[in-house]
Each structure stands twice: as structure tokens, then as C-alpha cells.
Amino acid sequence: MNLPAKFSFEIPEPILAWMGSAVKRVELSGRFIFYLREIFQQMFRRPFRQKILFQQIEFIGNQSVFIILLTGFATGAVFGLQIGGVFTVFNAEGMIGGATGIALATELAPLMTGFLLTGRAGSAMTAEIAIMKVNEQVDAMEAMGVHPIHYLVVPRVLASMIIMPFLCGIFMFIGVVGVYSIGVAVFHVDEGVFYEKLINLVKPADIMTGLRKMLIFSFIIAAISCRTGLAASKGAEGVGLATTNAVVRTLIFILLADFVISYIEVRWLS
Amino acid sequence: MIYFQGVSKAFGSHVVLDELDLDIPKGKITFILGKSGEGKSVTIKHIMGLLKPDKGRIIVDGFDISDYSKDEVRLYRRKFGMLFQHAALFDSMTVLDNVLFPLREHTVMSKKSMLSRANEVLEQTGLPHIKRKFPSELSTGEKKRVGLARALVAKPKILLYDEPTTGMDPLVCEMIDKLIVEVGNTEKELTSIVISHDLKAALATSHNIIMLYKGKVALSGSPDEFRSTKDPIVRQFFSGKIEGPMEFF
């Protein structure tokens with residue numbers, strides 16, 4: 001049998017490129033896992049930076065309240081209009097409060113609050129840290145023996161996890177106020193019926209489901225935003241790119257997490 | 001004080017430090033010179049523990065820092081002060097808060113003692129009047145001086161200057177060079193390491209000069225030794241001419 005003296009096999013260029021990109025993604029995922037581990041480790045290390053924590057709570061919370069109130073009311077009102085239109089066909093306008101209440105508590109409020117805070121607070125976190133990174137301020141911190149994750153990331157993650165679920169609660173409440181306004185003013189629903197259906201249909205567990213989701217979303221927002229900021233490079237262009245990337249990545253991760261949490265709750269917990 | 005023993009470092013196939021041996025004396029001003037890409041910044045990053053050598057040992061104060069863990073490196077860095085090329089002041093803090101930062105992070109001093117120490121270094125760098133200003137309100141020279149005050153405040157054993165005069169006008173350059181000498185004279189125990197391209201400043205202000213070329217020491221010695229050397233690489237660097245034995249990439 002004649003065998004070739006030397007066997008050579010060339011991998012086609014597109015497959016090589018795809019393999020290179022896959023390896024890079026695996027590497028990035030690995031780094032992100034190490035980053036998450038570092039956040040948890042640094043959370044329990046001294047000193048506890050309460051001044052920065054309160055500054056961040058004020059920045060994320062107080063300065064986001066107006067946009068949350070506005071969007072919450074508008075979302076509730078529009079959703080009420082749409083649902084009310086459908087319920088009118090079945091003469092069931094009284095259900096408007098209960099139906100929209102459940103949707104707001106379990107899905108709309110955490111998702112909308114997550115999206116809003118990604119744009120409002122997450123992008124600001126990324127931009128601030130990215131500017132510090134490209135101006136060597138993060139390097140200066142490292143040079144002074146201060147861990148950037150301890151100083152910059154941990155207070156932001158904790159502040160987000162404290163205040164964002166609270167903002168989500170505000171969104172839920174003001175969303176119901178929006179639905180109520182439309183129900184009473186447009187569909188002439190009796191106030192008593194509205195409250196009765198709302199209280200009967202929306203259980204505390206639904207509200208807890210929404211808040212639990214928001215707690216996870218808030219971690220995602222802060223962790224991804226800070227990480228993308230810390231990885232920024234190439235001056236002003238890099239800051240812009242990092243901010244855009246942070247928003248896009250956070251939104252994708254929020255949607256993925258929402259699906260996973262909803263799946264777990266529906267299939268296993270309910 | 002600081003010894004590099006056969007230190008090699010490569011990034012991919014690009015060898016930056018090639019079995020580098022160098023010796024930085026304690027309590028002196030040492031300039032590390034070399035053209036861009038010769039490994040000056042990589043050397044300083046090794047001294048600070050920001051990079052680990054592929055091969056060789058780095059001995060600082062009698063301790064081999066090459067094998068330090070991340071936490072050990074962070075503790076070790078507390079003996080350093082560093083003046084960055086663009087000062088790297090924290091934008092969100094006032095000058096005073098910037099200067100207080102290392103003390104707040106690493107000491108248990110009372111507020112009064114911290115303020116007193118901060119005022120002392122601000123006086124030393126000639127900036128007692130701008131404590132309440134933010135970095136965006138300062139000139140380039142003032143930023144550098146605040147950066148120096150921040151680097152000095154925690155009484156470091158080693159002070160690193162990363163290209164302190166690059167891109168500055170001649171007056172600011174001279175002011176910074178004078179400050180380096182003044183600080184070196186005031187703090188007798190302080191070891192100052194300056195990364196620079198500025199040969200004139202090196203000859204005027206240093207006790208010791210190390211010139212790097214192709215990842216190795218081309219020449220190490222006093223300013224007088226540098227002035228009198230016949231080494232063609234050093235002579236070409238002195239003359240600033242492209243023609244000569246020095247390779248450009």
C-alpha cells in the first residue's frame with residue numbers, strides 16, 4: 001500500500017477565523033467569571049466604603065426618580081388603554097386593574113426599570129470609569145495599592161442592588177396609578193371594582209417576583225457597566241465605544257436573565 | 001536597593017527586556033533613558049509589580065518580588081509614590097482630597113494629622129493656595145505638582161516619575177526638574193527613579209543614569225561618565241541624529 005510520505009491538511013481561512021473568534025469569546029467569558037468572583041471577594045474586604053455607597057445610592061436613586069415616575073405612569077396608562085380596549089369587547093373593563101397589575105408587577109416594571117436604569121445609571125457608570133481608565137486614574141489607584149474593584153465596582157454594585165429594586169417598586173405603584181387613571185377616566189370603571197380586582201388578582205408573591213428579578217437585573221447592570229468601563233482604551237473614542245457596548249451588553253443580559261428567571265419560576269417554582 | 005538579575009520579558013514574539021541586569025542605588029536620583037519602545041515603562045512596571053518577569057529575579061529592599069501574590073504586591077506598592085505622565089489626578093476630587101487619598105486609604109492617622117501632612121507636601125511643592133480647586137481648574141504644571149504632592153504624602157521609600165516632562169514647555173520642564181532635585185535633597189532616604197527621554201535633564205539632575213537599548217543596559221553610570229563616554233549608541237542618542245548604529249523600528 002502506498003502512503004504519502006508527508007500528510008498535510010490546511011484548515012480553510014474562514015474556519016480558522018471562526019475558531020479564533022470562538023477562542024477569544026471563551027477567553028472573555030472566563031475573564032468575566034474571574035471578575036465576578038473578584039467582586040464577591042472584594043465585597044467582604046475592609047474598608048467598607050459607605051461614603052461612596054451613599055453617593056451612588058443618591059446618584060442612581062434620587063436622580064432617576066423623575067424618569068421612573070414619568071415612564072411608569074405612561075407605561076401604565078398606555079397598557080391600560082390597550083388592555084381596556086380588549087376587555088371592553090367582553091364587557092370586562094373591571095378586570096383592567098388586576099390584569100395590568102399582574103403584568104406590571106411580574107414583567108413590565110422590572111424590565112422597563114432595568115432598561116431605563118441601564119440607559120440612565122449604567123451608561124453613566126461606564127463613562128465615568130472609562131474616563132478614569134483612559135486618563136490613567138485607575139492605574140494611579142493600582143499604583144497606590146488600592147484595588148479598583150474594591151473602590152470603584154463594589155460600591156456601585158451594592159448601591160444598585162439596594163436602590164434599583166426600590167425604584168422598581170415605585171414603577172409598579174405609579175404604573176397602577178396610570179392604569180387607574182385610564183380605567184376610571186376613559187373606561188368609566190367603578191373605583192371599588194378596580195381595587196377589588198387588583199387586590200384579588202395581584203398577590204404579594206407577584207410583587208416579590210418582580211422585585212427579585214430587579215435585584216438580579218441591578219447586579220447585571222452595575223457589574224457589566226463597571227467591567228466595560230474598566231476595559232476601555234483608546235481615548236475619547238474608547239469611552240464612547242465602551243458606553244455603547246455596556247448598554248447593548250446589559251440589555252441583552254437582562255433579556256436573557258428575564259427569560260431564565262421566568263422559565264424557572266413558571267416551570268419549577270409556581 | 002533595586003536589582004534586576006537576568007530579567008527577561010516578551011510580549012508575544014516581541015522581546016522587550018532581554019536578560020536585563022541593573023542596579024538602582026538607594027537614596028539617589030536615577031534616570032532610566034532610552035528611545036521609545038526600549039522597555040523603560042516595562043522596567044518601571046516590573047519594579048512596581050504590575051508585570052511579572054518571564055525569567056530572572058527582581059530584588060527590592062532585599063526581597064525577591066518576582067513571586068509575590070496579587071495581595072502581597074498590593075501591600076508592597078504602598079512603599080511607592082508615582083508621578084504619572086499626565087498626573088492622573090482624580091477628576092471628581094479637589095486638590096486636597098487627591099493629596100489626602102493615599103493617607104485615607106493606607107493609614108490610621110487622625111484627620112488633623114492627615115491635613116497637616118497634606119498641607120506640608122502642598123507647601124513643599126509650592127501649591128498651598130489651590131487646595132479647594134478641582135483638577136480641571138489647574139494648569140499642566142500645577143497638575144504635575146499636585147501629582148507630586150500626592151506621590152510624596154505617604155512618605156514613600158521609592159518615588160517613580162513616568163516621563164515627567166514629556167510634552168511640557170521648557171519653563172514647566174525646568175520647574176519639574178528643580179522639584180525632582182529639591183525633593184531628592186529634602187527626603188534623604190528617598191530613592192527617585194525617573195523614566196525619561198530628556199538627556200539634558202538627566203545630566204543636570206541625576207546621580208545615576210541607566211540607558212536601555214534592545215532590552216539591555218547600554219550604559220550605566222554617573223552623568224560625568226555619560227558625558228565622557230565613547231559608546232556609539234549613547235553618543236548617537238546624545239546627538240539626536242538618525243544616522244548611526246542605533247536601530248529604528
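In what follows, every chain begins at residue 1, and chains take the letters A, B, ... in the order their sequences are listed. All values below come from the heavy atoms of this structure, side chains included, with hydrogens, waters and symmetry mates left out. Here the structure is a predicted model, which means the values were calculated and not measured.
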Undergrad: How many angstroms lie between CE in A:Met144 and CD in B:Glu105, if you round to the nearest 0.5 Å?
TA: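 It is 8.5 Å, given to the nearest 0.5 Å.
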Undergrad: How long is the span from the CD atom in B:Gln85 to the CG atom in A:Asp139, to the nearest 0.5 Å?
TA: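 CG of A:Asp139 is found 12.0 Å from CD of B:Gln85.
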Undergrad: Can you tell me if NZ on B:Lys45 sees more than 12 non-hydrogen neighbours from other groups inside 6.0 Å?
TA: no
Undergrad: By a 4.5 Å heavy-atom criterion (distance strictly below it), what part of B:Leu160 contacts chain A: side chain, backbone, both, or neither?
TA: neither
Undergrad: Is the count of non-hydrogen atoms from other residues, nucleotides or ligands lying under 6.0 Å from A:Phe166 atom CZ greater than 12?
TA: no
Undergrad: For the candidates A:Glu128, A:Glu142, A:Met141, which exhibits the highest count of non-hydrogen atom pairs separated by less than 4.5 Å from chain B?
TA: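 So the answer, after comparing A:Glu128, A:Glu142, A:Met141, is A:Glu142.
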Undergrad: Between B:Phe101 and A:Tyr151, does the ring centroid distance fall short of 6.0 Å?
TA: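 Aromatic pair counts; centres sit under 6.0 Å.
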Undergrad: At a 4.5 Å cut-off on heavy atoms, which part of A:Met132 comes close to chain B: side chain, backbone, both, or neither?
TA: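 The side chain, not the backbone.
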Undergrad: Looking at B:Lys26, I want to see if its NZ is surrounded by more than 12 non-hydrogen atoms of other residues, nucleotides or ligands under 6.0 Å.
TA: no
Undergrad: Tabulate, in ascending numerical order, the residues of residues 37-66 of chain A having at least one heavy atom closer than 4.5 Å to a heavy atom of chain B, or enter 'none'.
TA: A:Arg45, A:Arg49
Undergrad: Do you know the tightest heavy-atom contact between A:Gly145 and B:His106?
TA: O-CE1, 3.6 Å
Undergrad: Measure B:Asp71 against the heavy atoms of chain A and call it side chain, backbone, both or neither at under 4.5 Å.
TA: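 Contact with chain A is through the side chain of B:Asp71 alone.
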Undergrad: Would you find more than 12 non-hydrogen atoms of other residues, nucleotides or ligands less than 6.0 Å from A:Phe253 atom CZ?
TA: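 Not buried by this count: 12 neighbours or fewer within 6.0 Å.
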Undergrad: Near A:Phe32 CZ, under 6.0 Å, is it more than 12 heavy atoms from other residues, nucleotides or ligands?
TA: yes
Undergrad: Walk me through whether A:Gln137 and B:Phe84 qualify under side chain to side chain contact (heavy atoms under 4.5 Å, CB included).
TA: CA-CA 9 Å; A:Gln137 292 172 41; B:Phe84 282 80; over 6 Å; no
Undergrad: Take atom CZ in A:Phe34; do more than 12 heavy atoms of anything else shown fall under 6.0 Å from it?
TA: no
